[in-house]
Engineer: 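Have a look at this one before I ask anything.
Excluded from the calculations below are hydrogen atoms, water molecules and symmetry mates; all remaining heavy atoms, backbone and side chain alike, are included. In what follows, every chain begins at residue 1, and chains take the letters A, B, ... in the order their sequences are listed.
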Amino acid sequence: MSPAVRRAPLTHLDALESEAIHIMREVAAELERPVLLFSGGKDSIVLLRLAEKAFRPARFPFPLMHVDTGDNFAEVIAFRDRRVAELGERLIVASVQDSIDLGRVVEERGPRASRNRLQTTTLLDAIAAHRFDAAFGGARRDEERARAKERVFSFRDDFGQWDPKSQRPELWNLYNGRIRQGEHVRAFPISNWTELDVWEYIAREQLEVPSIYFSHEREVFSRDGMLYAWREGAELLDGEAVETARVRYRTVGDMSCTGGVRSEATTLDEVVAEIIVTRVTERGETRADDRVSEAAMEDRKKAGYF
Amino acid sequence: MSDQGLLRFTTAGSVDDGKSTLIGRLLYDSKQVLEDQLAQVAEASRRRSSDGALDLSLITDGLRAEREQGITIDVAYRYFSTDRRRFIIADVPGHKQYTRNMVTGASTAELSIVLVDARKGVLEQSKRHAYISVLLGIPHIVICVNKMDLVEYREDVFEDIVAELRTFLEPLPVEEVTAIPISALDGDNVVVRSARMPWYTGPTLLEHLETVEIVADHPDDVAVRFPVQWVIRPGAAISWGGGSAGLAADPRAVDTDYRGYAGQLASGVLRAGDEVVVLPGGQQSRIAAIDTFDGELDEAAAPLSVTLRLADDIDVSRGDLICSPDQAPVVARELEAIICWMSERPLRPGDRLSIKHTTRSAQAIVVALDERVNVDTLEAETGVEAFGLNDIGRVRIRTAGPLMCDPYRTNRATGGFVLIDDADNGTVAAGMIVDAR
């Protein structure tokens, strides 16, 4: 028997980590064909580390999948491919451009055009084509009001839709993963984490994140109080002008709907310090897609969004 | 930042007890409501009321249907932290028809706030919440007598309400009851001590939440229970060759003979070298190693997720339970349990369902409905032909396969189960084992 080692008290991050690992193993055990949605963003970076903790030294019992709008930050795509190669896991890329080319969706036009909404079709088509019955996502309940009520195992009907009024009761840590053919489960291992937890975990685990999360110089234009990255082909509205600013991103989405914040934070510790004193939620500050209406997220989730 | 762990608590209250206002107050006073959320709430407050006063209840008001109907229809989870602790709130509605949500919210909570409106006194609703909290094994009950501002902060009003609820709770196995007079609207005794109730000398609600003892502080108090979730066998998936042992970061450099039993320690403390028994088979072995991605541990305490290696080459699979030989649970096929029925479809004796218990599932028959509890009076009704939605009562269940059971009172993880309807895959009941054989 080993000499007695003083047991360190479990921190809240330890508790959240163990819960998330438990959820991942339950999904792997109870569903036939899971997939992990990896965007290269900080939440799915945490999911990958949790998957390592849950399944190593074996390979992950599922592939990774990225829904690529074609408007993603180049730094993020490069990071995504590097991380996947390091892990030795398999990545599937589902492309919104392919959905457009196949006539499944129609591209929006004009200065406010975004491929954000189109992703839902691409995602659901990919889930159907690969016959996935579970998709891990990095959504957190603190992000938004509709998400605050979503289950850890969130059931989707055969149209990929979420019905907030008929969710299965979720008791203790006994998750019900039973589905019929064509239906699937979205599983959210970090449901109970906050934005700050995610950053503290990234710092604790020394996880690499894409460089756009740190302060950098970028050509941006201001719209609706947010700083959007200038990119080739973007249309400006009257009065908008491109300027160079030091920004970083709090979320990583499509360039067309994700705004940067002015920041000088260049290290993980500085980012964590900034989050602690921030006075605006991450989606409120940086995501145009949630600003469309008071219930924007709820409507998109019902339709099958992430 | 806080490193004194995580407290999960639930709030329950009638529609007008001010539950949403209380949670809004906790979040607002602990500076967890950010500017854009506040702007949304202020905007909504202006639209909804004539005086436009900031309505804190709107902070937690989630889905559109709720906003339209002005009610909370489902369990919502809220997060906040102080320098001392991180909190998860299961915010549960108080209507009778949503008893199932109350049970759901209570299932993971270690503390329950029972809200009482000081003007109305103890309603049946408050008793029901208190009863369900105790039934679900929550060790700490906090009676928050709210709206003290509307009864002139009178001590006698507070004391009468507390006495009545304490009497109601008397026969129930509750560990600790704390009572706090508050005004969620004005914030008295929620985060900031009230100058208007000098007669109250106990903690504010937040002080109590920050200091109450949580189960994770005493993992040694409960016997070891490790339900196996998943068997890790790198060799089975793909063989990359290689040789080093342990949980290597790179799956290509892995020991293909590796065989680890992954799971979350449900209770107790496990140490490398411990003698264990694997149930239901009954094979004995010894813990060869407690693996994690970050290296081997000498010991692990609940609720840590780990991977165990055993000294002997025995057959272990998902659904098996690893525990200590001298404190083993009952391997049972017949359960006596209290269930909360959560489906519109009534439950009748003879109904066949699936049971999910720890990481194990089995077919089950509900052999008998012994009695139904009137949750307002706590009286037992016998001769019941069926359970309807939100009924709570004692049943007998027979299972097709063995389950490793503890009474729910002694172990929430190995004492709790859900029932699933095979016809529509819905979760139709939450169950708490009273006795098993």
Engineer: Please list all pairs passing the side chain to side chain donor-acceptor pair (under 3.5 Å) test where one or both residues lie in residues 424-433 of chain B, with sequence neighbours left out.
Structural biologist: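 Applying side chain to side chain donor-acceptor pair (under 3.5 Å) to every pair that reaches into residues 424-433 of chain B, excluding sequence neighbours, yields Asn176(A)-Thr427(B).
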
Engineer: Heavy-atom distance under 4.5 Å to chain B: side chain of Ala54(A), backbone, both or neither?
Structural biologist: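 When you check distances to chain B, only backbone atoms of Ala54(A) fall under 4.5 Å.
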
Engineer: Give, as side chain, backbone, both or neither, the part of Ala90(B) having an atom under 4.5 angstrom from any heavy atom of chain A.
Structural biologist: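 It is neither, since no heavy atom gets under 4.5 Å.
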
Engineer: Identify which part of Val103(B) has an atom lying under 4.5 Å from any heavy atom of chain A, answering side chain, backbone, both or neither.
Structural biologist: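 The answer is both parts of Val103(B).
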
Engineer: Distance-only, no hydrogens or angles: does the Glu299(B) side chain make a donor-acceptor pair with backbone N or O of Leu270(B) under 3.5 Å?
Structural biologist: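 A pair under 3.5 Å: no.
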
Engineer: Can you tell me which portion of Arg151(A) sits under 4.5 Å from chain B's heavy atoms? Options are side chain, backbone, both or neither.
Structural biologist: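 Arg151(A) touches chain B through side-chain heavy atoms alone.
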
Engineer: Can you tell me which of Ser191(A), Ala15(A), Ala28(A), Pro61(A) forms the most heavy-atom pairs within a distance under 4.5 Å of chain B?
Structural biologist: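 Most heavy-atom pairs under 4.5 Å with chain B: Ala28(A).
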
Engineer: Does the Glu17(A) side chain pair with the main chain of Leu50(A), one donor and one acceptor, at a distance under 3.5 Å?
Structural biologist: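 Side chain of Glu17(A) to backbone of Leu50(A), a donor-acceptor pair under 3.5 Å: no, none is there.
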
Engineer: Between Glu19(A) and chain B, which part of the residue has a heavy atom less than 4.5 Å away: side chain, backbone, both or neither?
Structural biologist: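 The answer is both parts of Glu19(A).
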
Engineer: Scan side-chain atoms only and decide if Asp422(B) and Ser354(B) contain a donor-acceptor pair under the 3.5 Å cut-off.
Structural biologist: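 Yes, Ser354(B) and Asp422(B) have a side-chain donor paired with an acceptor closer than 3.5 Å.
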
Engineer: Heavy-atom pairs under 4.5 Å with chain A: which of Ile287(B), Leu136(B), Thr104(B), Thr108(B) has the most?
Structural biologist: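 Among Ile287(B), Leu136(B), Thr104(B), Thr108(B), the one with the most close pairs to chain A is Thr104(B).
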
Engineer: Taking atom types as modelled and ignoring hydrogens, do the side chains of Asp197(A) and His12(A) form a donor-acceptor contact shorter than 3.5 angstrom?
Structural biologist: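 Side chains of Asp197(A) and His12(A): pair found under 3.5 Å.
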
Engineer: If we define contacts as heavy-atom pairs under 4.5 Å, which of Leu265(B), Ile88(B), Val231(B) has the most with chain A?
Structural biologist: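 Highest number of pairs under 4.5 Å: Ile88(B).
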
Engineer: Top residue by heavy-atom pair count (under 4.5 Å) with chain B, among Asn192(A), Thr194(A), Val272(A)?
Structural biologist: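 Of Asn192(A), Thr194(A), Val272(A), Asn192(A) has the most heavy-atom pairs under 4.5 Å with chain B.
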
Engineer: Of the options Arg140(A), Arg156(A), Arg186(A), which is the one that meets Glu150(A) in a salt bridge (Lys or Arg N to Asp or Glu O under 4.0 Å)?
Structural biologist: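 By the salt bridge (Lys or Arg N to Asp or Glu O under 4.0 Å) criterion, Glu150(A) pairs with just one of Arg140(A), Arg156(A), Arg186(A): Arg156(A).
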
Engineer: For chain B, find which of Glu30(A), Arg141(A), Arg180(A), Glu205(A) contributes the most heavy-atom pairs closer than 4.5 angstrom.
Structural biologist: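 Highest number of heavy-atom pairs under 4.5 Å: Arg141(A).
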
Engineer: Only pairs of heavy atoms separated by less than 4.5 Å count here; which of Arg49(A), Arg178(A), Arg168(A) has the most with chain B?
Structural biologist: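 Ranked by heavy-atom pairs under 4.5 Å with chain B, first place is Arg178(A).
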
Engineer: Under a 4.5 Å cutoff for heavy-atom pairs, which residue among Ser107(B), Gly105(B), Ala109(B), Gly260(B) has the most contacts with chain A?
Structural biologist: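 Looking at each of Ser107(B), Gly105(B), Ala109(B), Gly260(B) in turn, Ser107(B) comes out on top.
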
Engineer: For a 4.5 angstrom cut-off between non-hydrogen side-chain atoms, does Leu87(A) reach Arg59(A)?
Structural biologist: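 Side-chain contact under 4.5 Å: no.
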
Engineer: With chain A, which of Gln229(B), His357(B), Arg286(B), Lys356(B) has the greatest number of heavy-atom pairs at distances under 4.5 Å?
Structural biologist: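 Going by pairs under 4.5 Å, I would pick Gln229(B).
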
Engineer: For chain B, find which of Ile21(A), Leu174(A), Leu16(A) contributes the most heavy-atom pairs closer than 4.5 angstrom.
Structural biologist: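 Result: the option with the highest number of such pairs is Leu174(A).
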
Engineer: List the residues meeting ring pair (Phe, Tyr, Trp, His ring centres under 6.0 Å) with Phe60(A), not counting sequence neighbours, and say none if there are none.
Structural biologist: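 Scan of Phe60(A) (ring pair (Phe, Tyr, Trp, His ring centres under 6.0 Å), adjacent residues dropped) gives Phe62(A).
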
Engineer: With a cut-off of 6.0 Å (strictly less than), are more than 12 heavy atoms of other residues, nucleotides or ligands near CZ of Arg82(A)?
Structural biologist: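 Atom CZ in Arg82(A) is crowded, with more than 12 foreign heavy atoms closer than 6.0 Å.
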
